[in-house]
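Structure first, commentary second.
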Amino acid sequence: MRSPNVKPVLLTKEQIDALHQLQEKERKNSPLGIAPSLHEVARRLMDKALDSALLHA
């Protein structure tokens, strides 16, 4: 059996609160009032940060 390709990451309360704010912003921008999961918001944000860091490395 393969081990999962994901690892848990610990975040501060402030980071979680900021993710919730981004999630609500997504919900308000959605024509159906649907927001992505908190995990999806965090993954998108991490992807953008890594892309930016790699471009400026």
Side-chain angles (χ1 to χ4, degrees):
M1 178 181 223
R2 270 181 36 184
S3 59
N5 237 2
V6 296
K7 303 284 183 196
V9 175
L10 300 177
L11 301 174
T12 65
K13 178 168 179 3
E14 290 79 13
Q15 290 168 323
I16 295 291
D17 291 343
L19 288 173
H20 279 289
Q21 289 176 0
L22 289 171
Q23 185 182 38
E24 271 309 304
K25 185 176 178 183
E26 291 281 336
R27 183 185 321 277
K28 288 178 182 175
N29 289 336
S30 168
L32 300 175
I34 299 171
S37 70
L38 208 55
H39 295 276
E40 178 63 21
V41 174
R43 282 191 298 269
R44 287 183 196 170
L45 191 60
M46 181 59 78
D47 285 341
K48 286 181 181 180
L50 290 172
D51 287 344
S52 177
L54 291 174
L55 285 176
H56 297 97

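Index from 1, following the sequence.
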Transitive ILVMFWY side-chain link L11 to M46, under 4.5 Å: no
Shared hydrophobic cluster, I34 / L22 (ILVMFWY, side-chain heavy atoms < 4.5 Å): no
Straight-line distance of Q21 CD to E26 CD, nearest 0.5 Å: 13.5 Å
Backbone of P36 reached by a side-chain donor or acceptor of Q23 within 3.5 Å: yes
Distance in Å, L19 CG paired with E14 CD, rounded so as to fall on 0.5 Å steps: 12.0 Å
Evaluation steps, side-chain hydrogen bond (donor to acceptor under 3.5 Å, both in side chains), between S37 and E40: CA-CA 5 Å; S37 70; E40 178 63 21; 5.5 Å; no
Review item, side-chain donor-acceptor pairs of residues 49-57, under 3.5 Å, at least two apart:
residue	atom	partner	partner atom	Å
H56	ND1	S52	O	2.7

Shortest non-hydrogen contact from G33 toward R27: O-CG, 3.2 Å
Distance in Å, T12 OG1 paired with D17 CG, rounded so as to fall on 0.5 Å steps: 8.0 Å
